[in-house]
Amino acid sequence: RILLTRVFDQYRETLKGIAMTVQDITREVELNEAKSNFISNVSHELRTPLFNIKSFIETLHEYGEDLTETERREFLETANRETDRLTRLVNDVLDLSRLETSCRIYHFEPVDIAQPVEQTLRTYQLNVRDKGIELRHDIEPNLPPVLGHYDLLLQVFDNLVGNALKFTEPGGRIAIRAYLIEPALNHHNESKSVRIEVSDTGIGIDAEDQEAIFERFFRVENRVHTLEGTGLGLSIVRNIIEKHHSQVHLLSEVGVGTTFWFDLDVFEEKNTGVEQTPQ
Ligand code: ADP
C-alpha cells in the first residue's frame with residue numbers, strides 16, 4: 001500500500017506539473033494574441049492619419065493652383081491637425097509599451113500627492129478657463145505622502161483631467177479630491193491609504209461601456225470628441241495604477257457625470273528605497 005501511495009503521489013505531482021505547464025502555455029498564447037492584436041490595432045490607427053496627411057499634401061501639390069486661398073488654408077489646417085493626432089498616438093503607444101515592458105524597474109518613493117495635482121491644475125488652467133469650466137481641488141490638510149512614482153502619477157492626473165475636460169460641457173465642474181482612508185475601508189492591506197478621486201459633471205458613461213473604456217483603443221461611439229483621443233489614455237491610467245498595486249474604479253451616470261477613483265498606500269519608513277519590478 002505504501003508503494004501504491006508513493007506511485008499515486010508521484011502521479012499527482014506529474015499531473016500538477018502538466019497542469020501548470022498547460023496554464024503557462026495558455027497564458028503565453030493569450031499574451032501573444034494580445035500583443036498581435038495590439039500591433040494590428042496600432043498599425044490601423046497609425047495608417048488613418050498618415051493616409052489623410054498624404055492625401056491632403058498630394059491634393060495641394062497637384063491641384064493647389066485650382067484651389068481658393070481659403071480651401072488651401074483649410075487643407076493645411078486639417079493636415080496639421082492630423083499630424084498632431086499622429087503625434088499623440090505615437091506618444092501614447094510608446095508610453096503604453098514602455099509600461100508593459102516587464103523588465104523595467106520603477107523607483108517608488110514618497111510622493112506628496114498635492115504636488116502632481118497642483119502641476120496638473122497649472123497645465124489645464126487656461127483650457128478650463130477658455131471652456132468655461134471650473135477646476136477645483138480639495139486635498140485633505142496634512143495628508144501623509146504616498147508610495148508612488150511622481151511622473152507616472154502626474155500622467156494619471158493629466159489623462160483623467162484631460163478626459164474630464166473633453167467630456168464636460170461649458171458651465172460644468174471638475175474636481176480632484178484626496179483624503180486619508182482607514183485600513184478598514186481598504187481591503188487589500190493593513191496600512192492606511194490615500195483615496196484619490198477625479199470627478200466631473202460631464203456627459204457620463206453608459207453602464208455597458210464602463211468596463212470597455214479601459215481597453216486599448218476603445219472609444220464610446222458617436223461622440224464629438226472621439227477624434228481628439230487615441231483610446232489609449234485609460235489603458236495607460238489602469239496600467240500605472242496597477243503598477244502601484246492598486247486598481248482604478250469608476251462611478252458614472254449618463255448626463256450627470258463621472259468619478260474615477262483609486263487608493264494609494266501611504267508611504268511608511270520601512271518602504272524606504274523600495275524598487276518595485278512590475279509583474
Ligand atoms: P480617449 O483618448 O478617447 O479619451 P481614453 O482611453 O482616455 O481614450 O477613454 C476612452 C473613452 O472613454 C473615451 O473615448 C470616452 O468615450 C470615454 N471617457 C473617458 N473619460 C470620460 C469622462 N470623464 N466622461 C465621459 N466619457 C469618458
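The chain is numbered in sequence order, starting from 1. We count ligands from 1, going down the list as the structure has it; atoms in each ligand are counted the same way.
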Contact region, Thr258 to ligand 1, non-hydrogen atoms below 4.0 Å, reads side chain

- Message: Would Gly204 count as a contact residue for ligand 1, given that I'm defining contact as a non-hydrogen atom of the residue lying under 4.0 Å from a ligand atom?
- Response: yes

Restricting to heavy atoms, the pick from Gly231, Gly233, Ser252 nearest atom 1 (P) of ligand 1 would be Gly231

*asked:* For Glu134, is the CD atom crowded, meaning more than 12 foreign heavy atoms sit under 6.0 Å from it?
replied: yes

In ligand 1, the atoms that come under 4.0 Å of a heavy atom of Arg219 are 3 (O), 14 (O)

| query | Hey, is Lys166 one of the residues with a heavy atom under 4.0 angstrom from ligand 1? | reply | yes

Asn159 heavy atom under 4.0 Å from ligand 1: no

Partner of Thr168 under side-chain contact (heavy atoms from CB on, under 4.5 Å), picked from Ile203, Asp200, Thr258, is Asp200

Any heavy atom of Asp200 under 4.0 Å from ligand 1? The part involved is side chain

**Report entry** Tyr63 atom OH, neighbour heavy-atom count above 12 within 6.0 Å
**Finding:** no

Any heavy atom of Ile205 under 4.0 Å from ligand 1? The part involved is side chain

Paired with Glu45, the salt bridge (Lys or Arg N to Asp or Glu O under 4.0 Å) test is passed by just one of Arg216, Arg88, Arg219, namely Arg219

For the ring pair Phe217 and His44, is the centre-to-centre distance below 6.0 Å?
-> no

- prompt: Are more than 12 heavy atoms from other residues, nucleotides or ligands located less than 6.0 Å from atom CZ of Arg173?
  reply: no

I'd like to check whether Val220 has a polar contact with ligand 1, where a contact means an N/O of the residue lying under 3.5 Å from an N/O of the ligand.
yes

Pro116 and Tyr150 have their tightest heavy-atom pair at CD-CE1, 3.5 Å

To atom 5 (P) of ligand 1, the nearest of Leu89, Leu234, Asp92, Val237 on a heavy-atom basis is Leu234

Quick look: Phe218 vs ligand 1, heavy-atom contacts under 4.0 Å, and the answer is backbone

Q.
Assigning hydrophobic clusters by single linkage (Ile, Leu, Val, Met, Phe, Trp, Tyr; side-chain heavy-atom cutoff under 4.5 Å), is Ile57 placed with Leu50?
A. yes

Give yes or no for whether the N/O distance cutoff of 3.5 Å, strictly under, is met between Asn163 and ligand 1.
yes

